[in-house]
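This report concerns only the one structure given below.
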Amino acid sequence: MSSVVCLPKGGGGAMADGLRKRYPFLDLGEVNSGYASELEEAALRVIRSGRYIGGEEVVAFEKELATLTGVDHAIGVSNGLDALRLILRGYVEMGVMQPGDEVIVPANTYIASILAVSDAGLTPVPVDARLDSMNIDTSLIEGAVTSRTRGVMTVHLYGRVAWDEQLMEVARRYGLKIIEDCAQAIGARSPLDGLNSSRRVGGLGDAAAFSFYPTKNIGALGDAGAVVSNDAELIRTVKALANYGADRRYHNIYCGWNCRLDALQAALLRVKLKHIDSENADRFERALVYERSITHSAIVKPLMSRWVTDNVWHQYVVRLARGSREEFREELLRRGVETDVHYAVPPHLQPCYAGKLKGYFPVTVQLAREVVSLPIATGTSVKDAAEIAEIINSMKV
């Protein structure tokens with residue numbers, strides 16, 4: 001893929017012989033090129049093994065992920081949505097939750113978080129976000145608790161840890177399970193202790209789900225996910241549910257699913273898992289450039305914490321305080337900068353949940369109207385981030 005595209009002259013951006021520099025939002029080929037030799041070696045190892053579902057690679061990956069998150073158990077599964085579905089269905093099979101019980105969820109999240117609750121026969125109860133963190137407003141959680149509430153799902157959106165004393169206190173007071181959606185936050189650390197001894201996301205609550213979709217900070221070359229927990233009974237239940245409901249061969253104790261992680265993806269993820277802290281450090285470095293360099297009065301930058309590792313910057317999401325987001329993105333694209341929106345339509349306004357997710361979520365709606373994600377992944381250098389900031393600062397919004 002060429003690193004430049006022909007665009008009209010004018011405005012910021014590096015120029016050379018009439019060609020304008022291009023700033024891709026995400027180039028997965030470039031992301032994986034840095035691991036190429038290790039990935040090829042891992043793939044060849046699996047091909048030669050003759051074991052493609054389960055086996056040593058999956059077991060090793062699960063142990064390494066458990067170590068990273070500071071928990072006792074990890075189970076590799078098919079994708080992040082299935083990981084959440086398996087946790088919630090597991091609690092239902094264990095009798096911890098009953099069909100129709102309620103799980104509090106952030107209103108501002110990707111729809112997968114809420115789909116998992118519905119799929120388990122449970123009732124999602126959205127709670128609005130904070131404008132500064134864009135994560136769930138924990139001060140509103142207790143007001144959403146009813147006699148049917150059995151859990152709270154905290155989503156570490158965009159890579160920012162969503163964890164505080166208020167969340168833990170409400171969960172303790174009402175005996176609620178805390179499920180972490182860690183799809184965007186692998187490797188992040190909380191400044192506060194979790195329910196157990198770990199401060200890594202995944203080890204903060206009662207159970208957690210990870211996604212390894214290719215665009216994540218650590219992505220598979222296909223689809224993959226994982227469930228982690230210190231609850232051995234939940235892990236046993238999840239493992240059975242993910243394998244047609246069988247606890248051993250030809251012995252199906254649940255009406256389960258096929259949600260297994262294949263050996264090839266496990267082997268590829270083991271390569272990348274070793275580099276998670278350096279990957280996240282690189283993202284922080286680019287986020288810091290944006291924080292220091294973007295000065296445009298129409299741009300509201302994301303909250304920067306003194307606790308460096310509580311955000312692994314899966315996305316760098318700014319808010320456009322005035323003007324048209326579409327025009328802003330089009331002008332950036334004209335100058336070579338690709339952007340994205342996470343997310344333009346919140347779950348409660350999606351057709352599949354029309355009239356089903358009741359409540360008033362003004363902050364979530366405002367965020368959906370204003371947010372723009374800037375390039376931050378591998379392939380966007382520190383120099384690129386500074387140039388993108390310069391382009392933004394020069395724009396008339």
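- One N or O on the side chain of R200 and one on the backbone of G187 form a donor-acceptor pair closer than 3.5 Å.
- Counting only residues at least two apart or in different chains, ring-ring contact (aromatic ring centres under 6.0 Å, His included) contacts with residues 360-384 comprise H348-F361.
- If you chain together hydrophobic residues whose side chains sit under 4.5 Å apart, Y91 and L86 fall into the same group.
- Donor-acceptor pairing under 3.5 Å is lacking for the side chains of K272 and N217.
- Shown here is R292, whose CZ atom has no more than 12 heavy atoms of other residues, nucleotides or ligands within 6.0 Å.
- Of the possible polar contacts, none joining the S373 side chain to the Q315 backbone as a donor-acceptor pair under 3.5 Å is found.
- Ring-plane geometry between Y290 and Y316 is classed as tilted, the angle between the planes lying from 30 to 60 degrees on a 0 to 90 degree scale.
- Listed for the D128 side chain is a donor-acceptor partner under 3.5 Å among the backbone atoms of T364.
- Between the side chains of S139 and D137, a donor-acceptor pair is found at a separation under 3.5 Å.
- Between R150 and E102 there is no salt bridge, since no side-chain N of the basic residue sits under 4.0 Å from a carboxylate O of the acidic one.
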query = Passes side-chain contact (heavy atoms from CB on, under 4.5 Å), Y35 versus L268? Steps please.
reply = CA-CA 9 Å; Y35 309 106; L268 300 176; over 6 Å; no
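- Pairing each heavy atom of P302 with each of V318, the nearest pair is CD-CG1, 4.1 Å.
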task = Take I218 and L269, measure what side-chain contact (heavy atoms from CB on, under 4.5 Å) needs, and give me the verdict at the end.
result = CA-CA 7 Å; I218 292 296; L269 286 168; 4.0 Å; yes
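- A salt bridge links E57 to R270: at least one charged side-chain nitrogen sits closer than 4.0 Å to a carboxylate oxygen.
- Under the 3.5 Å distance criterion, with hydrogens and angles disregarded, a donor-acceptor pair is assigned to the side chains of T378 and E279.
- The distance from the OG atom of S133 to the CZ atom of R160 is 6.5 Å, given to the nearest 0.5 Å.
- Using modelled atom types, no side-chain atom of R260 and backbone atom of V77 make a donor-acceptor pair closer than 3.5 Å.
- From L303, atom CG reaches atom CD of E291 across 9.0 Å, with rounding to the nearest 0.5 Å.
- Salt-bridge formation is detected for the pair E169/R173: a Lys NZ or Arg NE/NH1/NH2 atom is positioned less than 4.0 Å from an Asp or Glu carboxylate oxygen.
- Other residues, nucleotides and ligands contribute at most 12 non-hydrogen atoms within 6.0 Å of the NZ atom of K63.
- Within a 6.0 Å sphere centred on CZ of R48, other residues, nucleotides and ligands contribute 12 heavy atoms or fewer.
- Using a 3.5 Å distance cut-off with no hydrogens or angles, the side chains of Y23 and E387 do pair a donor with an acceptor.
- Counted by atom type alone, R335 and S394 present one or more donor-acceptor pairs between their side chains at under 3.5 Å.
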inquiry  = Between L88 and M153, does the side-chain contact (heavy atoms from CB on, under 4.5 Å) criterion hold? Intermediate values first, please.
reply    = CA-CA 10 Å; L88 293 164; M153 184 183 295; 4.1 Å; yes
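- You'll find the side chain of V105 stays beyond 4.5 Å of the side chain of V127, heavy atoms only.
- Separating the NZ atom in K358 from the OH atom in Y353 is a distance of 14.0 Å, to the nearest 0.5 Å.
- Cluster membership check: L234 does not share its hydrophobic cluster with V71, using side-chain heavy-atom separations under 4.5 Å among Ile, Leu, Val, Met, Phe, Trp and Tyr.
- With values rounded to the nearest 0.5 angstrom, L320 atom CG is found 9.5 Å from E326 atom CD.
- Remark: E338 does not engage R329 in a salt bridge, criterion side-chain N to carboxylate O under 4.0 Å.
- Of the inter-residue distances, the one linking T154 atom OG1 with I104 atom CD1 reads 11.5 Å to the nearest 0.5 angstrom.
- Around atom CD of E327, no more than 12 heavy atoms belonging to other residues, nucleotides or ligands sit under 6.0 Å away.
- Neither V382 nor I392 shares a network with the other; the hydrophobic side chains, linked directly or stepwise wherever heavy atoms of I, L, V, M, F, W or Y lie under 4.5 Å apart, form separate groups for each.
- No side-chain heavy atom of P375 sits under 4.5 Å from any side-chain heavy atom of P24.
- In this structure, R85 forms a cation-pi arrangement with W257, its terminal cationic atom sitting closer than 6.0 Å to the ring centre and no more than 45° off the ring axis.
- Counted within 6.0 Å of OH on Y110, heavy atoms from surrounding residues, nucleotides or ligands total 12 or fewer; the atom is thus considered open.
- Side chain of D384 to backbone of S381: a donor-acceptor contact under 3.5 angstrom is found.
- Under the 4.0 Å criterion applied to side-chain N and carboxylate O atoms, R236 and E233 are not assigned as salt-bridge partners.
- No more than 12 heavy atoms of other residues, nucleotides or ligands shown are found within 6.0 angstrom of CZ on R249.
- Atom CD of E41 has 12 or fewer heavy atoms from other residues, nucleotides or ligands within 6.0 Å.
- With hydrogens and angles left out, the side-chain atoms of R286 and T380 include no donor and acceptor closer than 3.5 Å.
- Atom OH of Y213 has 12 or fewer heavy atoms from other residues, nucleotides or ligands within 6.0 Å.
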task = Mind running side-chain contact (heavy atoms from CB on, under 4.5 Å) on D101 and T123 for me, showing each step along the way?
result = CA-CA 6 Å; D101 281 347; T123 303; over 6 Å; no
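- Judged by distance alone, the side chain of D82 and the main-chain N or O of S78 form no donor-acceptor pair under 3.5 Å.
- Looking only at distances, no side-chain donor or acceptor of K239 sits under 3.5 Å from a matching main-chain atom of I75.
- In this structure, the side chain of N108 engages the main chain of M134 through a donor-acceptor pair within 3.5 Å.
- In this structure, the side chains of F212 and L221 stay at 4.5 Å or more apart for every pair of heavy atoms.
- Without hydrogens or angle criteria, N135 side chain to L157 main chain gives a donor-acceptor distance under 3.5 Å.
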Scan the side chains in residues 177-185 for donor-acceptor partners under 3.5 Å anywhere in the protein, sequence neighbours excluded, and list what turns up.
residue	atom	partner	partner atom	Å
E180	OE1	H156	NE2	2.9
E180	OE1	G202	N	2.9
E180	OE2	G202	N	3.2
E180	OE2	L204	N	2.9
E180	OE2	G205	N	2.9
D181	OD1	A183	N	3.1
D181	OD2	S113	OG	2.8
Q184	OE1	Y158	N	2.6
Q184	NE2	Y343	OH	2.8

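- Judged by distance alone, the side chains of D277 and N280 never bring a donor and an acceptor atom under 3.5 Å apart.
- The side-chain heavy atoms of E64 and L68, taken from C-beta on, include no pair separated by under 4.5 Å.
- Between R199 atom CZ and S190 atom OG the span is 6.5 Å, to the nearest 0.5 Å.
- Within the 4.5 Å cutoff, no side-chain heavy atoms of N230 are placed close to those of I235.
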task = Would you check, one step at a time, whether the test ring-ring contact (aromatic ring centres under 6.0 Å, His included) holds for Y244 with Y250?
result = CA-CA 10 Å; Y244 300 101; Y250 301 140; over 10 Å; no
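- With hydrogens and angles ignored, the 3.5 Å screen pairs a side-chain donor or acceptor of T69 with a backbone N or O of A66.
- Looking only at atom types and distance, the side chain of R89 has no donor-acceptor partner in the side chain of T237 under 3.5 Å away.
- Across all non-hydrogen atoms, the minimal contact from T149 to L176 is O-CD2, 3.4 Å.
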